[in-house]
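Below is one structure; the comments refer to it alone.
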Amino acid sequence: MADFTESARAGPSRIYFRCWPRLATASPGLDWLNTRLTAGTGVRHPGRVVISIFTVD
């Protein structure tokens, strides 16, 4: 666990993130977001996590 509290980069083989964002908007121009299934992955970097979100068509 000490490895995960340090600011070192943790590669995908050691720790990984998965998410299923649910997006909602009242904007007519972005209405397509209300009906899309999305999935995301993340990578931990020193001091931050980078999450990439994709739509599933």
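Heavy atoms only: backbone and side chains are in, while hydrogens, waters and symmetry mates are out.
Heavy atoms of other residues, nucleotides or ligands lying less than 6.0 angstrom from CZ of Arg22 number 12 at most.
One distance of note links CD1 of Ile53 with CG of Leu23; it measures 6.5 Å at 0.5 Å rounding.
Closest of all the heavy-atom pairs between Arg36 and Asp57 is NE-OD1, 3.7 Å. The shortest heavy-atom contact between Phe17 and Val43 is CD1-N, 4.1 Å. Shown here for Trp32 and Thr55, the closest heavy-atom pair between the two residues is CZ3-CG2, 4.3 Å. Contact record, Gly40 with Pro21: N-CD, 4.2 Å, taken as the closest heavy-atom pair.
Here the side chain of Asn34 pairs a donor or acceptor atom with the backbone of Thr25 at under 3.5 angstrom.
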